[in-house]
Amino acid sequence: MDFETVARAFAELEETSSRKAMTETLLRLLQHTSVELLPPVVLLLQGKIAPNYEGIELNMGAQLAARAIADAAAAPVPMVEERLQKLGDLGLVARDLLETQRASEAGGGTSSSPRLRVDDVFAALIEIAEATGRGSVQWKVDLLADLLRRATALEATFIVRTVTGNLRLGVGDATLLEALALAFGGGPEARPVLERAYNLTSDLPGVAVRVASGGIAAAAAVEITLGKPVRPMLAERLDSPEEILDAMGGHCAAEYKYDGERFQAHLGPGLAAIFSRRQENITHQFPDLVEALRVAIPRPAIVEGEAVALDPVSGALRPFQDLLRRKRKSVDADILAQYPVVAFLFDLLYLDGEDRTEDPNEVRREALEALVRPGEQVQLATRRVVTAVAELKRFFDEAIAEGSEGLICKQIGPGTGYRAGKRGYQWVKYKRDIHGQLTDSLDLVIVAAFYGRGRRAGTYGSFLLAVYNVESDTFETLTRCGAGLTDADLARLPERLRPSLLDHRHPRVSALIEPDVWFAPSQVFEVIGQELSLSPRHTCAFGVLEPERGLSLRFPRFTGRIRSDKAPEDATSTAEVIEMYRQQFAHR
DNA sequence: ACTGCCTGCCC
DNA sequence: ATTCTGC
DNA sequence: GCAGAATGGGCAGGCAGT
């Protein structure tokens with residue numbers, strides 16, 4: 001199969017917004033794909049080269065792709081960057097530059113190289129992924145540049161986007177499953193069957209091959225397998241206990257929401273694997289946990305929990321940032337001692353060869369409690385069934401006091417099986433955003449901006465925001481912010497900010513980050529976030545709490561309010577943010 | 001040997 | 001992670 | 001409400017340049 005066929009379908013998908021029409025396009029593509037080619041085609045549609053749990057990475061992103069585009073189109077890298085600023089998409093830059101180059105060369109030898117096949121492209125991507133060691137960065141760039149030279153401008157667009165992990169077709173797993181159901185399952189009725197097969201195995205190319213060669217029956221026969229990660233059930237968010245109990249039907253099981261890393265452990269004879277929320281195999285990060293889980297869970301099982309960092313001295317729970325120290329390739333005895341972790345288990349998906357995902361929530365929890373022999377490193381998530389708003393509030397306060405983020409509230413009763421791969425209101429997270437003594441939001445000064453990508457091409461994508469340091473009369477950066485901005489906001493902001501545009505950093509602004517454009521401090525954004533963290537990149541209170549570190553905001557977003565009533569000097573101050581940071585630990 | 005840049009992946 | 005938008 | 005695409009902070013690890 002020519003890659004051009006895939007690229008044409010991609011282009012059609014990109015231009016379509018109707019989901020129905022997109023599914024039709026996908027259907028046609030899939031029907032023209034042989035079973036042998038189905039895995040690469042499905043993976044390319046997912047923008048991947050392997051399922052997540054296989055751990056194959058390109059280790060090539062936008063910067064290296066830009067170099068390859070420059071090579072292939074015989075253009076200087078700055079020209080690539082200049083086009084990127086305008087187009088907001090490296091794939092479009094590749095198309096643009098290659099078209100220009102080829103138009104100018106058209107008179108010369110029109111030796112059209114042989115067409116790229118899907119296999120060629122896929123094999124080249126795998127080769128890029130496999131390149132490591134000295135000289136490998138340049139080798140990756142060379143491989144991609146070669147591929148782009150052999151590609152049409154349209155093909156290059158999607159090759160580049162695949163490499164940068166940003167396909168932007170409007171096609172996700174759900175749309176692909178719908179199309180697979182139509183193509184090989186006999187109709188839309190097959191979708192739930194395929195969805196289930198995917199959610200239980202995290203292996204979309206595998207599901208595609210199964211249904212294409214064995215029909216719907218083969219897909220229906222898919223089962224949970226030890227060693228293959230199940231796609232996790234996810235929670236929606238609500239902000240008040242009233243809404244939550246309402247959504248839950250008056251009662252729910254509330255569990256502490258620990259601020260760590262969610263994991264799924266697969267334990268069986270001769271097998272112990274731990275997967276992350278996105279199905280990455282992270283077994284190597286937690287050798288101690290693997291051993292503790294083996295001891296605590298003596299039977300074949302799949303359990304889910306949260307791994308949380310501990311203070312090695314006091315044993316108290318530590319913030320998420322501490323856990324990140326564990327995210328490494330090799331975890332030796334020093335790291336184990338320095339960054340101990342504890343697991344809080346909260347679900348059971350599989351036990352003694354049996355799929356337990358259809359069991360109601362409370363049945364799974366009871367089975368988990370009966371199964372696990374808790375120890376120092378393996379415990380059960382604190383849980384309480386609540387039936388009243390006041391009770392839920394009290395439990396929430398307890399959770400915060402004990403160092404967790406809040407609660408996950410779970411529906412109980414008939415029909416509350418584990419909905420693998422779904423985000424819904426069967427589980428609801430309840431957590432609090434930052435709130436200081438004086439305000440429950442932050443008023444931050446826009447000091448710079450970054451050009452937008454994708455749908456934000458041609459306007460700003462995010463802003464660099466600062467607090468006001470009263471003593472030094474300077475503006476210190478606290479965070480970038482791009483979430484919460486509507487299309488309307490983004491449409492009018494450039495005009496509003498134009499009078500403040502500067503060539504260089506304003507002398508009263510202190511920043512370590514290099515943005516695309518600078519502004520004289522003038523506009524004030526109202527922003528919320530979950531909590532303040534120590535930051536190596538932001539200058540707010542730099543060096544005050546820790547050497548070489550300032551403060552930043554976790555999960556920042558714009559509230560929609562521009563404080564035109566406030567001057568930059570009326571923004572939240574450095575001192576206030578320091579006080580807020582200290583306040584975070586007051587109730588722990 | 002040190003440092004900065006880039007990437008991947010947690011949240 | 002959170003948020004916005006088109007269907 | 002779903003699905004997808006925008007956007008955030010921050011850590012380790014690998015490579016390249018010095």
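Fair warning: this is a prediction, and the values are worked out from it, not measured in the lab. Residue numbering restarts at 1 for every chain, and letters A, B, ... go by the order of the sequence lines.
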Could you tell me whether [X] contacts a base, only the sugar-phosphate backbone, or nothing, with contacts defined as non-hydrogen atoms closer than 4.0 Å?
X	answer
A:Arg237	sugar-phosphate
A:Leu485	sugar-phosphate
A:Arg191	sugar-phosphate
A:Gly135	sugar-phosphate

(message) How long is the straight-line distance from CG of A:Leu442 back to SG of A:Cys481, given to the nearest 0.5 Å?
(response) 10.5 Å
(request) Assign a letter to each nucleotide of nucleotides 4-10 of chain B from its 5' end: B, base within under 4.0 Å of a protein heavy atom; S, sugar-phosphate only; -, no contact. (result) --SSSSB
(request) Indicate whether any N or O donor in one side chain lies under 3.5 Å from an N or O acceptor in the other, for A:Gln530 and A:Glu405. (result)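 Their side chains do contain a donor-acceptor pair, which is all the 3.5 Å distance test asks for.
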(request) Ignoring hydrogens and angles, state whether a donor on the side chain of A:Asn52 or A:Arg278 is under 3.5 Å from an acceptor on the partner side chain. (result)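 No, no side-chain donor-acceptor contact under 3.5 Å.
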(request) Give a yes or no on whether A:Arg419 atom CZ has more than 12 heavy-atom contacts from other residues, nucleotides or ligands under 6.0 Å away. (result)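 No - once you tally the heavy atoms of other residues, nucleotides and ligands closer than 6.0 Å, there are 12 at most.
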(message) Around atom CZ of A:Arg237, are there more than 12 heavy atoms from other residues, nucleotides or ligands closer than 6.0 Å?
(response) yes
Any pair counted as salt bridge (charged side-chain N to carboxylate O under 4.0 Å, His left out), so long as it reaches [range], sequence neighbours left out:
range	value
residues 454-463 of chain A	A:Arg455-A:Asp487
residues 124-135 of chain A	none
residues 535-553 of chain A	none

Would a distance-only check, ignoring hydrogens and angles, find a side-chain to backbone donor-acceptor pair under 3.5 Å from [X] to [Y]?
X	Y	result
A:Gln426	A:Gly417	yes
A:Thr559	A:Glu526	yes
A:Thr539	A:Ser510	yes
A:Arg453	A:Ala457	no

(message) Distance under 4.0 Å to a non-hydrogen atom of chain A counts as contact; along DNA chain D, which nucleotides mark the start and end?
(response) D:dA3 to D:dA16
(request) For nucleotides C:dA1 and B:dG8, find the distance between their C1' atoms and express it as a whole number of Å. (result) 16 Å
(request) Considering only atom P, compute the distance from C:dT5 to B:dG4 and round it to an integer number of Å. (result) 40 Å
(message) Does anything in residues 158-172 of chain A form a side chain to side chain donor-acceptor pair (under 3.5 Å)? List the pairs, not counting sequence neighbours.
(response)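 For residues 158-172 of chain A, and leaving out neighbouring residues, the side chain to side chain donor-acceptor pair (under 3.5 Å) pairs sorted by first residue read A:Glu14-A:Arg161, A:Asp89-A:Arg161, A:Asp89-A:Arg168.
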(message) Which heavy atom of A:Pro205 sits nearest to which heavy atom of A:Pro51, and what is that distance?
(response) CG-CG, 4.3 Å
(request) Whole angstrom is fine here: how far is it from CD in A:Gln321 over to C1' in B:dC11? (result)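 About 11 Å, once rounded to whole Å.
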(message) Rounded to whole Å, please give me the gap between CG in A:Leu234 and C1' in B:dC11.
(response)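 Result: 13 Å.
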Sequence neighbours excluded and cut-off under 3.5 Å, please list the side-chain donor-acceptor pairs for residues 62-72 of chain A, or say none.
residue : atom : partner  : partner atom : Å
A:Arg67 : NH2  : A:Gln138 : OE1          : 2.6

Strand-adjacent residues in [range], judged by heavy atoms under 4.0 Å from DNA chain D:
range	value
residues 83-92 of chain A	none
residues 419-431 of chain A	none
residues 450-458 of chain A	A:Gly452, A:Arg453, A:Gly454, A:Arg455, A:Arg456

(message) So if I take residues 547-558 of chain A and measure heavy-atom distances to DNA chain C, which residues fall below 4.0 Å?
(response)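 Only A:Phe555, A:Arg557 qualify.
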How are the rings of [X] and [Y] set relative to one another: parallel (under 30°), tilted (30 to 60°) or perpendicular (over 60°)?
X	Y	answer
A:Phe10	A:Phe158	perpendicular
A:Tyr418	A:Trp427	perpendicular
A:Tyr430	A:Phe396	parallel

(request) Report the residue (A:Lys20 or A:Lys257) whose heavy-atom-nearest nucleotide on DNA chain C is the more 5′ of the two. (result) A:Lys257
(request) State, with a plain yes or no, whether a side-chain heavy atom of A:Phe275 is found less than 4.5 Å away from one of A:Phe263. (result)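 No, every pair of side-chain atoms sits at 4.5 Å or beyond.
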(message) Distance under 4.0 Å to a non-hydrogen atom of chain A counts as contact; along DNA chain C, which nucleotides mark the start and end?
(response)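 The footprint of chain A covers C:dA1 to C:dC7.
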(message) Which is more 5' along DNA chain D, the nucleotide nearest A:Gly172 or the one nearest A:Gly133? Just name the residue.
(response) A:Gly172
(request) Report the residue (A:Arg134 or A:Leu464) whose heavy-atom-nearest nucleotide on DNA chain D is the more 5′ of the two. (result)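 Going by which nucleotide is closer to the 5' end, it is A:Leu464.
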(message) Any carboxylate oxygen within less than 4.0 angstrom of a Lys/Arg side-chain nitrogen, looking at A:Arg423 and A:Glu236?
(response)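 So A:Arg423 does not pair with A:Glu236 through a salt bridge.
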(request) Find out whether the Lys NZ or Arg CZ of A:Arg561 is both under 6.0 angstrom from the six-membered ring centre of A:Phe525 and within 45° of the ring's axis. (result)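 That pair does not qualify as a cation-pi contact.
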